[in-house]
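Before any comments, here is the structure.
Residue numbering restarts at 1 for every chain, and letters A, B, ... go by the order of the sequence lines.
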Amino acid sequence: MSTKKISGSEAVVLSLLEEGVDTIFGYPGGAIMPVYDLLYDYQDKIKHILVRHEQGAVHAAQGYSRVSGNVGVCMVTSGPGATNVTTGLADAMLDSTPIICISGQVHAPLLGTDAFQETDVMGFSMPLTKWNIQVTKVEDIPGAIAKAFYIATTGRPGPVMIDITKDAQFNELDYAYEKCKDVRSYVPRPILKMDYVEKAAELINKAKKPLALVGQGVILSGAEKEMLAFIEKAGIPAAWTLLGASAIPTEHPLNVGMLGMHGNYGPNIKTNESDLLIALGMRFDDRVTGKVDTYGTMAKVVHFEIDPAEVNKNVQSEVAVIADIKETFEAILPLIEKQEREEWLNQFKNAYQYEYEKVIKDDLHPEKEGLTMGEVVRMVNEKMDGEAICITDVGQHQMVASRYFKFKNTRSLVTSGGLGTMGFGLPAAFGAQTALPDKPVVLFVGDGGIQMTIQELGTMAQNNAKVKIVLLNNNFLGMVRQWQDLFFDKRYSSTELINPDFITIAKGFGVEGNTVDTRDNLESSIDKMFKHDGPYLLEVKVEKEGNVFPMVPAGASVSDIRLD
Amino acid sequence: MEEKEFTIITFSENSIGLLNRLTIIFTRRHLNIESLTVSESALHGIFKFTIVVKSTQSNIEKVVKQIEKVVDVLKAFYLCEDEIIYQEVALYKVPTEAVTQSNEIEMLVRKHNARILEITPDYTAIEKTGHKDETQQLFDDMKKFKVMQFTRSGRVAITKARRERLSEYLHKLDTEKLMVKED
Ligand SMILES: Cc1ncc(C[n+]2csc(CCOP(=O)(O)OP(=O)(O)O)c2C)c(N)n1
């Protein structure tokens, strides 16, 4: 291996290039300035995007990664720069998103002295990351970056934080880069055990009422095709978790809808009639299971999962195949008997019909006065026909968008599932659009959440990211208000908002926009939004007190799903 | 499920902050660590953590999986009391006056299989190795002599089983990783 003498900062940049990075979301400051100085020289190879707040950088990196499958990279300074990424690290940790965050740190001799802008980055990022490292010696920089990429992307992916002291950035090293291929203590790809695959196949072949639960693991493994081959051969209805959305196209005949608290009626109610739940790269989050003791009461559980710690964590499985799920599908397919379970599938169709009459019809084709969130999503579907990428923030609009958005392609829903981070949407949409500049990216966001990271409109304008922002304004922190309505005697404690003029704000940032508050004008407003070449904010004034149904109340059984 | 005492043995790389990463796992579950010992294992460069906690079996199983998930951890497993041989060391500092006034302390040292480490005009240092109840008993027996200091170490433990899990694991790791690389 040939080496040459360069600065630590240059080693950072060259190492990132070796890993194929061409975009960094970040914000400069004292402790990371040496690297920023180098970025100036490498502008033709690495695009640095200046956000408006470090939280924006980390969520943008997440959005970038979620739609592209590549690592999202963000860069921040020490102290407040680093602490501002915590929410995004926690979010990426829960949603298994491979991102790398590089923070500058004070000079190594000053560590532990409460130096200016020193904070314990290792300490606070530890519980929020898959792995973290502090580099104090310049010669350790390439190795740390190589290891970071390896760990972030292999096995169950996750966020990695690299904290580099300023002296390490300044000092010189003999640079040579070698990709990391192995870490002794780390087994990212557990060996598939064929006897468990056989046991699983036996259960699946014998099952009368199997239900597949599609999680994000399928997407992360790139196993969408293999998953379809599996469920099609076995004739198994497939429901999906919030993060598993878009792994199976909306129109697929075996797609029976979303699981969980605001999921579809069928998959929730049938969970307790099924005799075999087949969990595919999902982790039985409490928002999916409701009360665990009354979950899957008639069912055995087969779990395909890469992370051994998820097996038997929340729900006990009969058989678990611990491996990369793509391999599992490939191994099991020949053992699966071809079956059609028409009668069982029809039960889901009936359940859907029931839900349609009770809930969906009025959501999508309302006759009442106020605009519903559902009809706005429907109208976007009519224009995009499943080709757009849907980004959401957190709240009622998130559930409505996930329920009703039409998915044709995988990786076309980006939402904060595990952490439920308000403020995620706007920067994540920006990151997604940066990864896929030619794809239509639609963000659904609430009037509460947009104000948490609204400054990133500036980033969108500066970079002409053509995100179409659909602000579903109900003048409330809607989801919290809904809970107050249902469970706290309508005592609307601190959930009503007096909002700014969003369009003026958008225009102030250089983003075009428009407000619509009538059904008659909805379609033309949406047309106008999609026609606009550039970022656009469409504020839709929706009914103030609409509730999202169905709903499995927190702590209730999936069987107790409410339709009103 | 019933709470019991478990000994969790963890082998890891010697990386900065690892102890922190491990304790976070316990803190998150509101588990109190009863005792903790860390030192280099028989294998050079590999560290051994011996952690004693009280909890339920199912909780401990989950905790151990979370520990194994930590990138720098090679192997973690838990053991019940009857599966290990373990000891703790206790040190006692008593006034030498109390030792010389009567032969009572000497008798206690004999009875408890303890030993005297150092005698100065002011104090006498005594050491006793054993289980917690045994070292506690000696302390209780000497209380009336005004013990000036008493300290007990964390647990050190070795397993009774034939199999040596770490070396087995390292061997398995080598072969499994080779298999992964081949395909
Ligand atoms: C950072 C953060 N703070 C608080 C919450 C709790 N929370 C969940 S949904 C919600 C209301 C969201 O309101 P809005 O953004 O207007 O969207 P809507 O529910 O009306 O669609 C709140 C406050 C959260 N998820 N994230």
Side-chain angles (χ1 to χ4, degrees), chain A residues 93 96 111 120-137 140 144 147-148 150-152 154-156 158-161 163 180-193 305-316 320 322-324 326-327 330-331, chain B residues 1 10-29 41 43-49 56-77 165-183:
Chain A
M93 185 71 175
S96 311
L111 285 170
D120 178 10
V121 171
M122 288 298 281
F124 80 67
S125 64
M126 209 167 263
L128 310 178
T129 52
K130 184 171 173 186
W131 187 67
N132 65 356
I133 186 167
Q134 184 170 64
V135 182
T136 56
K137 295 197 196 87
D140 293 341
K147 195 170 167 187
Y150 178 66
I151 291 170
T154 50
R156 178 176 178 181
V160 170
M161 184 102 185
D163 193 39
C180 176
K181 295 198 192 77
D182 182 39
V183 172
R184 175 169 69 168
S185 55
Y186 169 62
V187 188
R189 276 179 66 187
I191 300 280
L192 178 121
K193 301 216 169 63
E305 171 61 49
I306 198 167
D307 178 0
E310 290 301 343
V311 172
N312 299 341
K313 186 181 81 177
N314 298 334
V315 169
Q316 196 71 25
I322 301 175
D324 185 322
K326 193 171 185 166
E327 280 178 51
E330 281 163 356
Chain B
M1 221 195 272
T10 300
F11 292 99
S12 81
E13 302 290 357
N14 179 20
S15 60
I16 291 178
L18 191 76
L19 178 59
N20 208 354
R21 269 209 183 262
L22 297 187
T23 54
I24 284 168
I25 293 170
F26 293 89
T27 313
R28 268 185 82 183
R29 281 171 187 69
S41 75
L43 290 170
H44 178 66
I46 293 181
F47 275 67
K48 179 174 176 177
F49 293 71
T56 62
Q57 172 118 2
S58 80
N59 225 357
I60 290 293
E61 276 169 15
K62 289 170 196 170
V63 164
V64 167
K65 281 187 183 176
Q66 293 294 336
I67 294 176
E68 282 222 320
K69 197 166 148 171
V70 172
V71 168
D72 289 322
V73 167
L74 290 149
K75 184 77 201 149
F77 49 92
R165 297 210 212 191
L166 179 64
S167 17
E168 244 174 56
Y169 172 75
L170 288 173
H171 177 71
K172 190 170 140 232
L173 209 61
D174 280 347
T175 47
E176 284 200 355
K177 281 197 171 159
L178 282 176
M179 279 168 69
V180 172
K181 273 175 199 150
E182 274 158 18
D183 62 26

Hey, what do you get for [atom1] ([X]) to [atom2] ([Y]), rounding to the nearest 0.5 Å?
X	Y	atom1	atom2	value
B:K62	A:N314	NZ	CG	7.0 Å
A:Y186	B:E68	OH	CD	14.0 Å
A:D307	B:Q66	CG	CD	7.5 Å
A:M126	B:L18	CE	CG	8.0 Å

_Heavy-atom count check: over 12 atoms from other residues, nucleotides or ligands less than 6.0 Å from B:R28 CZ?_
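No, because the 6.0 Å sphere around CZ of B:R28 holds 12 heavy atoms or fewer from other groups.
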
*Counting only heavy atoms not in B:L19, do more than 12 fall under 6.0 Å of its CG?*
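Correct, the count exceeds 12.
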
*Against chain B, label A:P308 side chain, backbone, both or neither, depending on which of its atoms sit under 4.5 Å from a heavy atom there.*
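For A:P308, the contact with chain B is made by the backbone alone.
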
*asked:* Please classify the contact of A:T154 with chain B as side chain, backbone, both or neither, using a heavy-atom distance under 4.5 Å.
replied: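 Neither part; nothing is under 4.5 Å.
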
*With the side chain counted from C-beta on, respond yes when A:S185 and B:L74 share a heavy-atom pair under 4.5 Å apart, and no when they do not.*
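SC-SC contact between A:S185 and B:L74 confirmed.
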
*Out of A:R184, A:K130, A:K147, which residue meets the salt bridge (charged side-chain N to carboxylate O under 4.0 Å, His left out) rule with B:D72?*
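Exactly one candidate clears the test, A:K147.
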
*Heavy atoms only, distances under 4.5 angstrom: which of A:M122, A:K313, A:Q134 has the most pairs with chain B? Name it, please.*
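Among the listed options, the one with the most contacts to chain B is A:K313.
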
*Between A:N312, A:I133, A:N132, which has the largest tally of heavy atom pairs under 4.5 Å with chain B?*
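Answer, by heavy-atom pair count under 4.5 Å with chain B: A:N132.
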
*What option among B:V71, B:I24, B:L170 has the most heavy-atom pairs under 4.5 Å with chain A?*
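Going by pairs under 4.5 Å, I would pick B:V71.
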
*Per-residue contact mode, B:I25 against chain A (heavy atom under 4.5 angstrom)*: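 Neither part, no heavy atoms under 4.5 Å.
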
